*Asks:* 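Take this structure first; my questions come after.
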Amino acid sequence: MPTFHFYPIDITYRIVSGKPVIYLYGRTKDGQRIAVADRFDPYFWAIPQKKSVKERLENLSGEKDGESYSVTSVEEKKKRLLGKEVEALKVTVSQPKDVPLVRELIREWDDIQSVHEADILFTRRYLIDKKIIPMTLVVVEGEEGREESRIPVIAATAIRPAEDEETMKGLGILAVDIETYYPKGKGIDMDNNPILMLAVHGETISRVITWKRFATKRRSIEFVQDEAALLHRFREIVLEEQPDIITGYFSDGFDLPYIKRRAEKLKVNLDIGADFSGISLKKGMDTESKITGIAHFDVIKFVRGGLRTSIATDSYSLNAVASKLLGETKHEVELDDLAEVWDKRPEKLEPYCDYNLQDALLTYQLAEKLLPNLTELVKLIGLPLQDCNRMSFSQLVESFLLRKEGEFDEIAPEKPTEHELAKRRKVRLQGAFVHEPTPGLYHDLAVYDFRSLYPSIIASHNISPDTVREADTLEEGAFVVREEKVAYSTAKKGFIAAVVEEVITRRMRVKDILKKKKDPFLEARAMMLKILANSFYGYLGFPSARWYSFACAASVTALGRRYITETIEKAEKAGFKVLYSDTDSIFLSLQGKSKAAAKKFVDDINEHLPGLMELEYEGFYPSGIFVSAKDNKGGAKKRYALLREDGSLVIKGFEAVRRNTSVIAKEVQEHVLKAILEKADDKKALNYLHGVIKGIREKKLAVEKMVIRTRLTKPISSYDAIGPHVAIAKQMKGKGIDIAPGAIIRYVVTTGGGRIRDRAKLPEATKQSEYDADYYINNQIIPAVEKIFEVFGHTKEELLGKGAQMRLLEF
DNA sequence: CCATGCTGCTTACCT
DNA sequence: ACAGGTAAGCAGCATGGC
């Protein structure tokens, strides 16, 4: 029997002669695209009330809505449910669609206690049970079958992961981007507006296809007869290039569905799938676009899903993300005019083609850059790239747990019912501790933080849904969290605690290797392990989670508060002054002590910390400032600025780092902070401020500096309070501009009286003479710097340049 | 009638 | 559709002095 070594990329299943068959698509070690077909039977778990139910189950078959279903076998297995041993029944049925049918049927039976894992997708069940990890080498025995397929199909007789977990390399990526006919002010209309140009970029191709001729020397531009021909060319290119990955930017919701619709409309057969299928759409909360045998990497889904916390950007436009990840990029074309240029001035189309190709190129580069991260995620979670690309944090954790449960003989708890969900949503979890700072400018600060505080608490105290005990348990060694009146057994490693520990230690090992030599794949692995580790606490407190545990989540934060407050006390005893603390960090004033003494402080703490917990010395800062809160009730939390030794600034919480503040206010605030932190020079900062205020009064500043950007978070109609950005969104909608939740609304406040929302205008429609100087001075600039100057005793009047007069009046 | 202060809604941040 | 803690702006309303 021939043996094949191959890397699976995509997975699906089909019913062949009434039996379910799994199809794995991928590439052999020497680069051949192949498919592997493997018989597999769907099953789920039932926990019986009485053992006798086994026989009743074995004989279960019937018909519902004209579809027959049947149980093919029932097997007894010793399993665990949240640590408790159970006699479980593995119920195998004849087809995947029988699973929900049979589950619903037997759920009502008196002799069935509960039903589990009936909602695990068939293909995922297969990957878990066969221990197959996509993009990782798999060994298959079997013969090539005679199936109708674009690529050879091996009928597997045996399949197993290869001994060495070799990862797939050199994947072929093809980036796609389209520009469509889009008259100004009209919504997206796939039925009536054609695709005008389509750009593809891959390792061996970089091209724009368009169907209106114009004079050009660009060899990258290819002209075709009409839109149908454009789609034909797209089909040809995909078949020639044979990519492993097709990538786009929002291609799930736009490019691929658009291409699909136009192909249907124009009767172009887009049979690019390995099984001759076309682009398929999975409609859910939002659309997912799939092509059989090719992984579809939608870059935007990854950067604002799984990587959200690791990539700091306030906009997810291709341009913003590309400049963040790839460095400077510039786009100059006004896309709004494309339809008009297409109709009336085709000789001006060249820049649009350049733009189109540039977008495909940027998307390609982003996909290339992020592929190590995504690949590591695939290896970690064990699901195909297509799925890992689109996963939320909770899905990430849950998929990981489903992969791991077998090692612990655990069966997953059921998803909560609506009733259970409502109950879980009613209770609120107490969170972290935040120390209130005393406003002031400080010098010589040391900052510390607990490394992965919550994960390390989970691992070190065996916090896990299966180790939860009553607070007054007599169990020996049980760890009591008195704050939450709950205890954790230490007799046996809890499932989740063990899994979290493994993730942390794996990350530590990777970090150790990285200290010796740089490696982008290991960097990516460390990052994904960190993201995963940090997601467990939130998952435990997430009402929809299978392994939800209020007690565990509440204990994690309670212990977090305990550790941080104890550390604060120790720092004070050691002679430091505690300036600030939030969740897992502590800011100390050295009080004349040396940097060496500051570094040594962690040793005193770490000596008494259990397990994997560790306090880290984050760094030294020559100066830092904390300010009072607006309401003057004391120091503001989550708002501070630090000066690094290299002269750079760390700004947290202030307007300078907030999106919905005008550029001018941000600039002024940052400038003032810098002057004060560098040289404590409040006089110079004040002078600068007066200069800017004068400039604003004299309308010397560009409208662009006055723009305020605010995100529309829900449909316009569901707002109870109409703020300026909602008012503008309404105006835009009135003009026929498509405004959806998530849109960033830009506006400028103009002169006049009354409500601000009535004076808000679109920046494009605002002249420099129109912006309201008083608003920008009193509502933007002054609030941004007032509390900073307050530290030096400067009043609001002084800031406005009225100080002298006021003092005279006082006399 | 108007300034002032409070509350609820909203956004965006920090960890 | 991972958690909570926090600051602050604007609209809308009540309050109280004139």
Side-chain angles (χ1 to χ4, degrees), chain A residues 284-286 305-306 308-309 312 314 390-398 400 415-416 421 424-425 427-437 449-450 452-455 531-545 547-550 552-554 556-558 560-561 564 580-586 627-640 650-662 665 708-714 718-727 744-745 749 753-760 775 778-780 783-784 786-787:
Chain A
M285 286 289 276
D286 50 4
R308 186 173 14 139
T309 49
D314 55 15
R390 292 158 180 79
M391 234 165 230
S392 67
F393 290 108
S394 67
Q395 289 172 318
L396 211 90
V397 171
E398 199 150 283
F400 188 68
K415 278 190 185 160
L421 208 51
R424 290 179 184 182
R425 282 203 253 257
V427 288
R428 224 179 131 74
L429 202 58
Q430 191 187 339
F433 167 77
V434 188
H435 176 85
E436 186 186 306
D449 45 46
F450 278 93
S452 305
L453 179 67
Y454 288 174
I531 289 171
L532 181 63
N534 287 339
S535 304
F536 279 92
Y537 152 69
Y539 175 83
L540 287 168
F542 176 47
S544 302
W547 277 278
Y548 169 85
S549 169
F550 182 85
C552 289
V556 170
T557 51
R561 295 192 298 273
I564 204 79
Y580 181 62
S581 163
D582 184 349
T583 313
D584 59 355
S585 68
I586 299 190
V627 300
S628 70
K630 188 96 192 171
D631 60 11
N632 264 318
K633 288 211 179 73
K637 298 166 175 175
K638 301 185 191 282
R639 281 167 85 81
Y640 61 85
V650 178
I651 303 178
K652 298 288 178 181
F654 278 118
E655 285 80 355
V657 295
R658 291 179 65 92
R659 174 174 48 208
N660 57 355
T661 299
S662 58
I708 297 168
R709 300 185 305 152
T710 308
R711 184 187 296 275
L712 198 71
T713 61
K714 48 188 177 183
S718 50
Y719 275 90
D720 291 325
I722 312 297
H725 71 296
V726 185
I744 304 287
I745 309 296
V749 177
R755 290 178 300 213
I756 289 157
R757 72 155 183 247
D758 298 327
R759 289 146 53 200
Y775 171 84
N778 297 319
N779 295 37
Q780 293 277 318
E786 190 182 353
K787 296 292 167 184

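Below, chain A is the first sequence line, B the second, and so on; all start at residue 1. Atoms considered below: every heavy atom in the structure, side chains included; atoms not considered: hydrogens, waters and symmetry mates. Here the structure is a predicted model, which means the values were calculated and not measured.
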*Asks:* Measure from NZ or CZ of A:K714 to the centre of the six-membered ring of A:Y719, then state whether that distance is under 6.0 Å and the direction lies within 45° of the axis.
*Replies:*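 Yes, A:K714 and A:Y719 form such a contact.
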*Asks:* Counting any heavy atom closer than 4.0 Å, what does A:G538 reach on the DNA or RNA strands: base, sugar-phosphate only, or nothing?
*Replies:*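 Contact class for A:G538: base.
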*Asks:* Rounded to the nearest Å, what distance is computed from the CD atom of residue A:E655 to the P atom of nucleotide C:dA8?
*Replies:*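 Computing the A:E655:CD to C:dA8:P distance gives 7 Å.
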*Asks:* Nearest to the side chain of A:K630 - C:dG12, C:dG4, C:dG9?
*Replies:*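 Among the listed nucleotides, the one closest to the side chain of A:K630 is C:dG9.
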*Asks:* Could you state the CG-P distance from A:N779 to C:dG9, rounded to the nearest angstrom?
*Replies:*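 In whole Å, C:dG9 P lies 8 Å from A:N779 CG.
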*Asks:* Base, sugar-phosphate, or nothing: which does A:Y775 touch, judged by heavy atoms less than 4.0 Å apart?
*Replies:*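 Contact class for A:Y775: sugar-phosphate only.
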*Asks:* Considering all heavy atoms of both residues, which atom of A:K630 and which atom of A:P783 are nearest to each other, and what is their separation?
*Replies:*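 Minimum heavy-atom contact is NZ-CB, 3.7 Å.
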*Asks:* Would you indicate which nucleotide in C:dA11, C:dA8, C:dC10 comes nearest to any side-chain atom of A:R755?
*Replies:*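 Minimum distance to the A:R755 side chain belongs to C:dA11.
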*Asks:* Could you check A:Y580 against A:Y640 for ring pair (Phe, Tyr, Trp, His ring centres under 6.0 Å), going step by step and ending with a plain yes or no?
*Replies:* CA-CA 10 Å; A:Y580 181 62; A:Y640 61 85; 5.4 Å; yes
*Asks:* So does A:S392 get a side-chain nitrogen or oxygen closer than 4.0 Å to the phosphate oxygens (OP1/OP2) of C:dC2?
*Replies:*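 A:S392 to C:dC2 OP1/OP2: side-chain N or O found under 4.0 Å.
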*Asks:* Would you kindly give the CZ-to-P distance between A:R308 and C:dC2, to the nearest whole Å?
*Replies:*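 So the two atoms are 6 Å apart, to the nearest Å.
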*Asks:* Of A:S544 and A:G431, whose closest DNA chain C nucleotide lies nearer the 5' terminus?
*Replies:*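 With A:G431 and A:S544 compared, the 5'-side residue is A:S544.
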*Asks:* At under 4.0 Å between heavy atoms, which parts of nucleotides 10-15 of chain B does protein reach? Answer with one letter per nucleotide, 5' to 3': B base, S sugar-phosphate only, - none.
*Replies:* SBBSBS
*Asks:* Run the salt-bridge test on A:K638 and A:D582 with the 4.0 Å N-O cut-off and return the result as yes or no.
*Replies:*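 Answer for the salt bridge query: yes.
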*Asks:* Is there a donor in the side chain of A:Q430 and an acceptor in the side chain of A:T557, or the other way round, less than 3.5 Å apart?
*Replies:*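 Their side chains do not contain a donor-acceptor pair, so the 3.5 Å distance test is not met.
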*Asks:* Hey, does A:T309 reach any base, or is it just sugar-phosphate, or nothing, if we go heavy atoms under 4.0 Å?
*Replies:*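 If one applies the 4.0 Å heavy-atom cut-off, A:T309 turns out to touch a base.
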*Asks:* Heavy atoms only, 4.0 Å cut-off, all strands: where does A:S394 land among base, sugar-phosphate and nothing?
*Replies:*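 Sugar-phosphate contact only - A:S394 comes under 4.0 Å of backbone atoms but never of a base.
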*Asks:* Nearest 0.5 Å, what's the OG1-CG distance between A:T309 and A:N534?
*Replies:*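 Here the rounded value is 7.5 Å.
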*Asks:* Provide, to the nearest angstrom, the distance between the CG atom belonging to A:N778 and the P atom belonging to C:dG9.
*Replies:*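 In whole Å, C:dG9 P and A:N778 CG are 12 Å from each other.
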*Asks:* Under 4.0 Å from OP1 or OP2 of C:dG12: is there any side-chain N or O of A:R757 that close?
*Replies:*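 For C:dG12, OP1/OP2 do have a side-chain N/O of A:R757 under 4.0 Å.
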*Asks:* In whole Å, I'd like the distance from the CD1 atom of A:I756 to the P atom of C:dG12.
*Replies:*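 After rounding, the gap between these two atoms is 12 Å.
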*Asks:* Could you state the atom-to-atom distance from CZ of A:R390 to C1' of C:dA1 in whole Å?
*Replies:*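 That distance rounds to 17 Å.
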*Asks:* Over all strands shown, is A:I722 touching base, sugar-phosphate only, or nothing at heavy-atom distances under 4.0 angstrom?
*Replies:*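 Touches sugar-phosphate only.
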*Asks:* Just the rounded figure in Å: distance from P of C:dC2 to CZ of A:F542.
*Replies:*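 Rounding to the nearest Å, CZ of A:F542 and P of C:dC2 are 5 Å apart.
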*Asks:* Tell me whether A:Q780 contacts the main-chain N or O of A:A665 through its side chain, where contact means a donor paired with an acceptor under 3.5 Å.
*Replies:*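 Absent.
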*Asks:* Less than 4.0 angstrom from a charged side-chain N to a carboxylate O is my criterion; do A:R639 and A:E655 meet it?
*Replies:*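 Here A:R639 pairs with A:E655 in a salt bridge, since their nearest N and O are under 4.0 Å apart.
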*Asks:* Tell me: CD of A:Q430 to P of C:dA3, nearest whole Å?
*Replies:*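 From A:Q430 CD to C:dA3 P: 17 Å.
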